[in-house]
Amino acid sequence: MRWPNEYRNQCIAKTEEFLSLSKDVISVFLSFIPVLFILITILILVIFIIYQDTPIVRANNRSLSFLLLVSIKLSFLSVFLFLGRPVDITCMLRNITFGITFSIAVSSLLAKTIMVCVAFKATKPGSSWRKWVGVKLSNSVVLFCSSIQIIICMTWLVISPPFQELDLHTYPGTIINQCNEGSAIGFYSVIGYMGLLAAVSFVLAFLARTLPDSFNEAKYITFSMLLFCSVWITMIPAYLSTKGKNTVCVEIFAILTSSAGLLACIFLPKCFIILFRPEMNHRSCLLGNKT
């Protein structure tokens, strides 16, 4: 496309703007960071598989830990859908992918917190909570919470899916190649449901942080959900006030920061004990028994 110059005596080509992998230095940086975190996530996953039978990994349901690691890795991978020239298929997959993967991650943390509370209730003599101790409850929580997000995303895709659009009016002489969300209600429903899951997880984890349990993760979940909510609450006004590739950078930053926060808060303490304090990786230490 062309537009007239300032003297209106010649047509010049309009500049096309999008987050190019070959022309923007920031794109190289934003593609390097998720690769680095993906490798770190894989390393942590390998460590957990090797030490899967130790008390520190088995505490608070190791299958949920594996699921959480996989979902975090997928959230890092979803960053690459935001890089490069937008097309209809990547526009549809962008927010759907990170919405579902984050919902699975936060649902796993919610299930972990619920299991801490149930395990504490079940320790009381004659407690009826003992029948809820096990993987069925945690799997049901993850499946139920994730299914709601999947339904929201599928409804969004059916009614008004995101699509590629060319913005010719925001900046004179520049064509902004971007994704139109299709339905603002769909987009904010996905973000809002993620926020709801994170808020519920934060409240439960905050209440359960002092409960006695073998390596009670609630305090780490509390901090991770606080970080998660802070990032996405900050992201909304930044998202609304930017245009073009700056908007994409805001989304990528929010995804990377919240994913890295979950990875660091939940798994680094365990990895530190496994690798550097193996004497603490015993059931007696986790239960606080010094004898």
Side-chain angles (χ1 to χ4, degrees), residues 33-34 36-45 47-49 57 59-82 93-116 135 137-153 189-206 208 217-233 235 251-271:
I33 294 301
L36 176 62
F37 277 115
I38 288 169
L39 293 176
I40 294 174
T41 307
I42 293 174
L43 176 61
I44 293 175
L45 182 59
I47 291 173
F48 268 54
I49 291 175
V57 176
N60 302 112
N61 198 321
R62 61 185 171 188
S63 62
L64 287 178
S65 297
F66 292 140
L67 179 61
L68 180 57
L69 282 169
V70 172
S71 61
I72 290 175
K73 185 178 74 170
L74 292 176
S75 67
F76 285 128
L77 282 172
S78 70
V79 167
F80 293 100
L81 293 172
F82 291 81
L93 290 177
R94 280 181 179 183
N95 296 320
I96 301 299
T97 303
F98 88 76
I100 292 176
T101 54
F102 271 128
S103 294
I104 294 174
V106 179
S107 298
S108 300
L109 294 178
L110 178 60
K112 279 176 171 285
T113 308
I114 291 175
M115 291 306 298
V116 171
V135 297
L137 177 60
S138 58
N139 292 343
S140 298
V141 171
V142 174
L143 183 61
F144 176 76
C145 295
S146 303
S147 297
I148 295 176
Q149 184 71 292
I150 293 173
I151 292 172
I152 293 174
C153 291
S189 295
V190 171
I191 299 296
Y193 182 70
M194 283 169 45
L196 176 63
L197 283 179
V200 173
S201 298
F202 171 76
V203 172
L204 287 180
F206 181 80
E217 286 183 308
K219 53 183 176 291
Y220 302 110
I221 295 174
T222 301
F223 185 74
S224 66
M225 289 297 96
L226 183 61
L227 175 63
F228 185 91
C229 292
S230 300
V231 168
W232 287 99
I233 290 173
M235 173 263 187
E251 289 189 83
I252 292 175
F253 177 79
I255 293 172
L256 290 177
T257 306
S258 51
S259 300
L262 293 179
L263 190 65
C265 293
I266 304 300
F267 294 103
L268 286 189
K270 286 189 173 185
C271 288

Would you call the rings of Phe76 and Phe37 parallel, tilted or perpendicular if under 30° counts as parallel and over 60° as perpendicular? parallel
Trp232 vs Phe98 aromatic rings, parallel, tilted or perpendicular, using cut-offs 30° and 60°?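 Correct class here is parallel.
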Using modelled atom types only, decide if a donor and an acceptor are shared between the side chain of [X] and the backbone of [Y] within a distance under 3.5 Å.
X: Ser138; Y: Ala111; answer: no
X: Arg62; Y: Val57; answer: no
X: Ser146; Y: Leu143; answer: no
X: Ser224; Y: Leu262; answer: no

Working for side chain to side chain contact (heavy atoms under 4.5 Å, CB included), residues Val231 and Leu227: CA-CA 6 Å; Val231 168; Leu227 175 63; 4.2 Å; yes
State, yes or no, whether a side-chain contact exists between Lys73 and Thr101 at a heavy-atom distance under 4.5 Å.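 Sidechains of Thr101 and Lys73: no contact.
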Phe267 vs Ile47, side chain to side chain contact (heavy atoms under 4.5 Å, CB included): CA-CA, chis, key distance, verdict: CA-CA 11 Å; Phe267 294 103; Ile47 291 173; over 6 Å; no
Apply side chain to side chain contact (heavy atoms under 4.5 Å, CB included) to the pair Met115 and Val141, showing each step before the final yes or no. CA-CA 10 Å; Met115 291 306 298; Val141 171; over 6 Å; no
Nearest 0.5 Å please: distance from the [atom1] atom of [X] over to the [atom2] atom of [Y].
X: Ser189; Y: Leu196; atom1: OG; atom2: CG; answer: 11.5 Å
X: Leu109; Y: Phe228; atom1: CG; atom2: CZ; answer: 9.0 Å
X: Phe102; Y: Leu74; atom1: CZ; atom2: CG; answer: 11.0 Å

Could you work out, with ring pair (Phe, Tyr, Trp, His ring centres under 6.0 Å) as the rule, every residue matching Tyr193, not counting sequence neighbours? none
Test log, rule side chain to side chain contact (heavy atoms under 4.5 Å, CB included), inputs Leu263 and Leu268: CA-CA 7 Å; Leu263 190 65; Leu268 286 189; over 6 Å; no
Exercise: do Lys112 and Ser65 side chains pair donor with acceptor under 3.5 Å: yes
Phe206, CZ: over 12 other non-hydrogen atoms inside 6.0 angstrom: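 12 or below, so no.
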In this structure, are over 12 heavy atoms from other groups packed under 6.0 Å from Phe223 atom CZ? no
